[in-house]
Amino acid sequence: LYRLGDPLTAVYVARDGAFKTISISEEGEEQVLGFHLPGELIGLDALGAGAHRCEAVALAATNVCVVPLVQLASVAAQLPSLQQQLLKVIGKSVDRDQDHLGMLVRRQAGERIALFLLGLSERFRNIGHSPTQFKLPMSREDIARYLGLALETVSRGFTRLQEDGVIEVVGRRIDIRDIAELDRLAHSAEHE
């Protein structure tokens, strides 16, 4: 959708499908910075500097709505309710970035995985999809890169959650069986 350094000319909304935002380390390693579901704004990383600080890559075939920045600004100026919604969306995006950073710094692997699934559940609910039954748009490898874990650790974490009856996994399909337990596991460090 865009590359590192591209000038900010528009923001994007996936109508279907999903995107990941990535950066590439000096060693050539891909770091997954975030995932964007249908209906979520993509491209906010460039608001501050006017140029994109990462790349946005489609995870599957997708349809995208392109919102040119000049149009967005003029419409938002005329509609205070849209301006408020945009600020709310930007705030949620910043909150997600902060939560992601906190997760990488403080959490054990099991907590990171539980928190990731819980966050996806909430985001699917926010876009009108089932919060307990959904298909992961991203690979386990992308999840591992996002969570700062090894691929094997993510696979073991999913297996453990399934064995404990918290989730059921079939390929990329997730069925959350016990949302309260998933929430407890996601926040276990906070309760100690």
For Phe19 and Phe35, what are the C-alpha separation, side-chain angles and deciding distance, and is it a ring-ring contact (aromatic ring centres under 6.0 Å, His included)?
CA-CA 6 Å; Phe19 283 83; Phe35 298 105; over 10 Å; no
Under the side-chain contact (heavy atoms from CB on, under 4.5 Å) rule, what do Leu41 and Tyr12 come out as? Steps first, then yes or no, please.
CA-CA 6 Å; Leu41 274 179; Tyr12 308 90; over 6 Å; no
Quick one: closest heavy-atom pair of Ala51 and Gly5, and the distance?
CB-O, 3.8 Å
Go through Thr9 and Leu69 one step at a time and tell me if the side-chain contact (heavy atoms from CB on, under 4.5 Å) criterion holds.
CA-CA 6 Å; Thr9 58; Leu69 206 56; 6.0 Å; no
At their closest point, which heavy atom of Gly43 faces which heavy atom of Leu8, and how far apart are they?
O-CD1, 4.0 Å
Taking the side chain as everything from C-beta on, heavy atoms only, tell me whether Asp142 gets closer than 4.5 Å to Ile22.
no
I need the minimum non-hydrogen distance between Pro137 and Leu59, along with the two atoms involved.
O-CB, 3.5 Å
Can any side-chain N or O of Thr62 pair as donor or acceptor with the backbone N or O of Ala58 at less than 3.5 Å?
no
Would a single hydrophobic cluster contain both Ile42 and Val70, if residues Ile, Leu, Val, Met, Phe, Trp and Tyr are joined by side-chain heavy-atom contacts under 4.5 Å?
no
Report yes if the side chains of Asn126 and Phe124 come closer than 4.5 Å at any heavy-atom pair, otherwise no.
no
With distance as the sole test, does Gln162 use its side chain to make a donor-acceptor pair with the main-chain N or O of Val169 at under 3.5 Å?
yes
Run the numbers on Glu122 and Leu120 for side-chain contact (heavy atoms from CB on, under 4.5 Å), then give the verdict.
CA-CA 5 Å; Glu122 175 74 12; Leu120 267 184; over 6 Å; no
Is it true that atom CZ of Arg15 has more than 12 heavy atoms of other residues, nucleotides or ligands lying nearer than 6.0 Å?
no
My understanding is that only one of Glu55, Glu30, Glu141 makes a salt bridge (charged side-chain N to carboxylate O under 4.0 Å, His left out) with Lys20; could you say which?
Glu30
side-chain contact (heavy atoms from CB on, under 4.5 Å) between Leu118 and Leu185, worked out
CA-CA 10 Å; Leu118 202 60; Leu185 291 168; over 6 Å; no
Non-hydrogen atoms of Ile176 and Pro131 that approach each other most closely:
CD1-O, 3.7 Å
Using atom types as modelled and distance alone, determine if a side-chain donor or acceptor of Glu111 lies under 3.5 Å from a backbone N or O of His187.
no
Can you tell me if Glu40 uses its side chain to pair, donor with acceptor, with the backbone of Leu37 under 3.5 Å?
yes
Indicate if Met138 and Phe158 have the same hydrophobic cluster label, given that clusters are the connected sets of ILVMFWY residues with side-chain heavy-atom separations under 4.5 angstrom.
yes
Tightest non-hydrogen contact, residues Gly165 and Asp178, listed as O-CB, 4.2 Å
Side chains of Asp45 and His52, donor plus acceptor under 3.5 Å:
yes
For the pair Thr21 (side chain) and Ala56 (backbone), establish whether a donor and an acceptor sit closer than 3.5 Å, ignoring hydrogens and angles.
no
Over 12 non-hydrogen atoms of neighbours within 6.0 angstrom of CZ in Arg160
no
Does Arg173 come within less than 4.0 Å of Asp175, counting only side-chain N to carboxylate O?
no
Any chain of hydrophobic side-chain contacts (each under 4.5 Å) joining Val57 to Tyr2?
no
Taking Val13 as the starting point, is it possible to reach Val64 by hopping between hydrophobic residues whose side chains are less than 4.5 Å apart?
no
Nearest heavy-atom contact between Pro38 and Ile127 is O-CG2, 3.3 Å
Decide whether Leu151 and Leu147 are clustered together by the hydrophobic rule: side chain heavy atoms of Ile, Leu, Val, Met, Phe, Trp, Tyr closer than 4.5 Å, transitively.
no
Hey, does the side chain of Arg172 reach the backbone of Lys135 with a donor-acceptor pair shorter than 3.5 angstrom?
no
Would a distance-only check, ignoring hydrogens and angles, find a side-chain to backbone donor-acceptor pair under 3.5 Å from Asp164 to Leu161?
no
